[in-house]
Amino acid sequence: MAAGEAYYIPVGHQQTGEGLEPEIQLPLMQVIASLKPVLEDQKIKKYMHNAKYDMQVLARYGVNVRGLAFDTMVGAYVAEPGRRGFGLKDQAFQRLGVVMTPISDLIGRGSKMLSMAQVAVRTAANYAGADADMTLRLVEPIMADLRRHSLLDLYRNIELPLIPVLMQMEMHGVALDADFLRTFEARLAEQVQALEQAIYSAVGHEFNINSTRQLGDILFGELKLPAGKKTKTGYSVSADVIESLQGKHPVVDSLLEYRQLNKLKSTYVDGLLELMDQTTGRVYTSFNQTVASSGRLSSSNPNLQNIPVRTEVGRQIRRAFIADPSYILLTADYSQFELRILAHITHEPRLIEAFNNNEDIHTITASTLFSVPVEQVTKEQRRLAKTVVYAILYGQSAFGLSQVTGMSNREAADFINRYHETFPNIKQYVERTLAQAHQQGYVNTLFGRKRFIPDMRALSHSERQALDREAINMPIQGGNADLIKIAMLRIAHALREQRLKTRMILQVHDELVFEVPVEELERVRPLMKSLMEEVYPLDVPIKVELKQGRNWYEAEPME
DNA sequence: GCAGTCACG
DNA sequence: ACGTACGTGACTGCG
């Protein structure tokens, strides 16, 4: 096909539209049978836009697309991950100056939305033809961008082959324990209701607890409690502000508990039940490959990358994520991955030494932070230390640190100083990275993934600082993303080649979750561990922790 | 559709 | 004096 040329095969329209015989439409099965050999032929190259989606649709009709040579959505993302608008219409406008017809012109929007089957053949043909045509015409300019910025290897060797891997994960889905969720739902509903009543009686009247404005008026107006930080629209009623009011009014504790349990109920329990497929009992997330400017994946509908783990009651949600009968969930978690990448990039001797001696960095930091012996560090303290270390690394101020930890501004400043004295190369890395960002206009990861940093000359001080922090974060967060993506490719390859029934089902930034037939466990455990740990040799060892269980709660590693 | 809040790495 | 780690997505209220 050439630019400006496209073909449309009408199938499944409810009406063909004016002037067209019904015979213009072809039987679905006949069309599939004719196209299948072409679509499945490795030698016939395909250019697609958002291939993961179309390949999934075709897969449901038994067509396994081979020969994917270019995905214009993923290509545009790799070329400039910091920007938004990788949709076909956005790209056609940005790169070709073509204003495409939005789909809403054909099918409308909202509740009265039509399906494509209700659109006349000529209208659909023009629309679909434009999609195919623009996809073809976008390949060259995007390819040229990738080449110019030395991004072709990253694109060809990582992002493009990742598409079918993500597709398989999405299609396989995750099994849920619906009975558990419904029981949990009932218990939460009861507790939330009781807390509502407790809040109303503590305040003296009913109101909408979920309305930040009403809540703010009551706490800081009616009850005259001391207001904390402000937002654009009024006084903040976020958890840290309410926590600071503990002991000052009986409503505070109920309010905090209400917030936690209501969040759990609406987002997780109700949300998951809503999105569970009633026939398969599974949820099917989308792994978005073109959203995060650091190169990470994101997950939506439902988001399975933010399932609670930090509090015990929240963590219970993980009991709902189960393996099929005769299967086991296996999680493989990169331990302190970002810090190991940092150690590698910075060649920081103290960090490298600690990792080589197999010491637990966060526990050591926690023992310093809370002045307790290493053996007495609690889970909670370790978790806080972990937050603090990353916060400092990415430029948090003494003030910010004091807010999170509850220590004084002075103590926080001392802690940050001690941190930088202990790990002097980290400061050097920050300076080097900023210099590169300012001089070259971009920063990059070990595998050449780039994030462009705009010219800051016209920006305010705080805007510049924000960009600086993004620049410092990107090589670490993006490097992490590079490495786990490579591991995923090798794992997918190994599972296929060794004809294993094990399926990779989730990726949570530094963790992979597998559904493993019981009889494959002994084989798969060491296989996953070595593939992940040997993904790319760093200056420090890479450590992966495995855990298994009937559900995600039992299989949840330490961090 | 935005703002605020809160869940995760 | 100022504003105060990075990266995400979902839910709710409100105009």
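Just so we're on the same page: letters track the sequence lines, and every chain starts at 1.
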Comparing nearest nucleotides in DNA chain C, the 5'-proximal residue of the pair A/Asn262, A/Arg84 is A/Arg84
Using heavy atoms and a sub-4.0 Å distance, could you list which residues of residues 303-310 of chain A are near DNA chain B? By number, please. A/Gln305, A/Asn306, A/Ile307, A/Pro308, A/Val309, A/Arg310
Within residues 213-249 of chain A, residues whose heavy atoms come under 4.0 Å of DNA chain C: A/Arg213, A/Gln214
Can you tell me how far P of B/dC8 sits from CD of A/Gln507, to the nearest Å? 17 Å
Can you check ring-ring contact (aromatic ring centres under 6.0 Å, His included) on A/Tyr536 and A/Phe447, steps first, answer last? CA-CA 11 Å; A/Tyr536 180 79; A/Phe447 285 84; 4.9 Å; yes
In the 5' to 3' direction, the nucleotides of DNA chain C bounding the stretch that comes under 4.0 Å of a heavy atom in chain A are C/dT4 to C/dG15
Between A/His149 and A/Tyr442, is the ring centre distance below 6.0 Å? no
A/Thr212: what forms a side-chain contact (heavy atoms from CB on, under 4.5 Å) with it, not counting sequence neighbours? A/Val237
Distance-only, no hydrogens or angles: does the A/Gln440 side chain make a donor-acceptor pair with backbone N or O of A/Gln436 under 3.5 Å? no
Test: A/Glu556 and A/Arg315 ion pair at under 4.0 Å: no
Taking the P atom of each, how far is B/dG4 from C/dG3, in whole Å? 15 Å
Side chain to side chain donor-acceptor pair (under 3.5 Å) partners of residues 410-430 of chain A, not counting sequence neighbours, each pair once: A/Ser408-A/Glu411
To the nearest angstrom, how far is A/Asn208 atom CG from B/dT5 atom C1'? 14 Å
State whether the number of non-hydrogen atoms from other residues, nucleotides or ligands found under 6.0 Å of A/His461 atom NE2 is greater than 12. no
So which of residues 427-437 of chain A are in contact with DNA chain C, with a heavy-atom cut-off of under 4.0 Å? none
Below 4.0 angstrom, N of the basic side chain to O of the carboxylate: do A/Lys543 and A/Glu533 qualify? no
When the P atoms of B/dA3 and C/dT4 are compared, how many Å lie between them, rounded to an integer? 15 Å
Report which part of the nucleic acid A/Asn480 touches: base, sugar-phosphate, or nothing (heavy-atom distance under 4.0 Å, all strands). nothing
Rounded to the nearest angstrom, tell me the gap between atom CG in A/Asn301 and atom C1' in B/dA7. 16 Å
Residue set satisfying side-chain contact (heavy atoms from CB on, under 4.5 Å) with A/Thr233, at least two apart, ordered chain then number -> A/Thr231
Take the protein atom CZ of A/Arg296 and the nucleotide atom P of B/dC8, then report the distance between them rounded to whole Å. 14 Å
Evaluate the ring planes of A/His347 and A/His344, with Trp represented by its six-membered ring, and classify them as parallel (under 30°), tilted (30 to 60°) or perpendicular (over 60°). tilted
For a 4.5 angstrom cut-off between non-hydrogen side-chain atoms, does A/Met532 reach A/Met488? no
Going by number, which of residues 454-475 of chain A have a non-hydrogen atom under 4.0 Å from DNA chain C? A/Arg469, A/Glu470, A/Asn473
Does the distance from a Lys or Arg side-chain N to an Asp or Glu carboxylate O, for A/Glu80 and A/Arg83, drop under 4.0 Å? yes
So, using side-chain contact (heavy atoms from CB on, under 4.5 Å) as the criterion, who are the partners of A/Asp468 when residues are at least two apart? A/Leu434, A/His438, A/Met456
Rounded to whole angstrom units, what separation is found between the NE2 atom of A/His509 and the P atom of B/dA7? 16 Å
Going by side-chain contact (heavy atoms from CB on, under 4.5 Å), name the residues that satisfy it together with A/Ala227, two or more places apart in sequence or in a different chain. A/Phe220, A/Tyr235
Is atom CD of A/Glu312 surrounded by more than 12 heavy atoms (other residues, nucleotides or ligands) closer than 6.0 Å? yes
So, A/Asp71 and A/Lys52, do they make that salt bridge, N to O below 4.0 Å? no
May I have the distance from A/Leu506 (atom CG) to B/dC8 (atom P), rounded to whole angstrom? 16 Å
Just the rounded figure in Å: distance from C1' of B/dC6 to CG of A/Leu261. 14 Å
Separation of atom OH in A/Tyr334 from atom P in B/dG9, rounded to whole Å: 17 Å
Counting Watson-Crick and G-U wobble pairs with both distances under 3.5 Å, what is the dot-bracket string for DNA chain C, 5' to 3', using [ ] for crossing pairs and | for pairs to another strand? .....|||||||||.
Can you list every salt bridge (Lys or Arg N to Asp or Glu O under 4.0 Å) pair that touches residues 281-294 of chain A, not counting sequence neighbours? A/Arg282-A/Asp324, A/Arg282-A/Glu515
Whether A/Arg319 engages the ring of A/Phe180 as a cation-pi pair (distance to the six-membered ring centre under 6.0 angstrom, angle to the ring normal within 45°) should be assessed. no
Got a donor-acceptor contact below 3.5 angstrom from the A/Gln507 side chain to the A/His509 backbone? yes
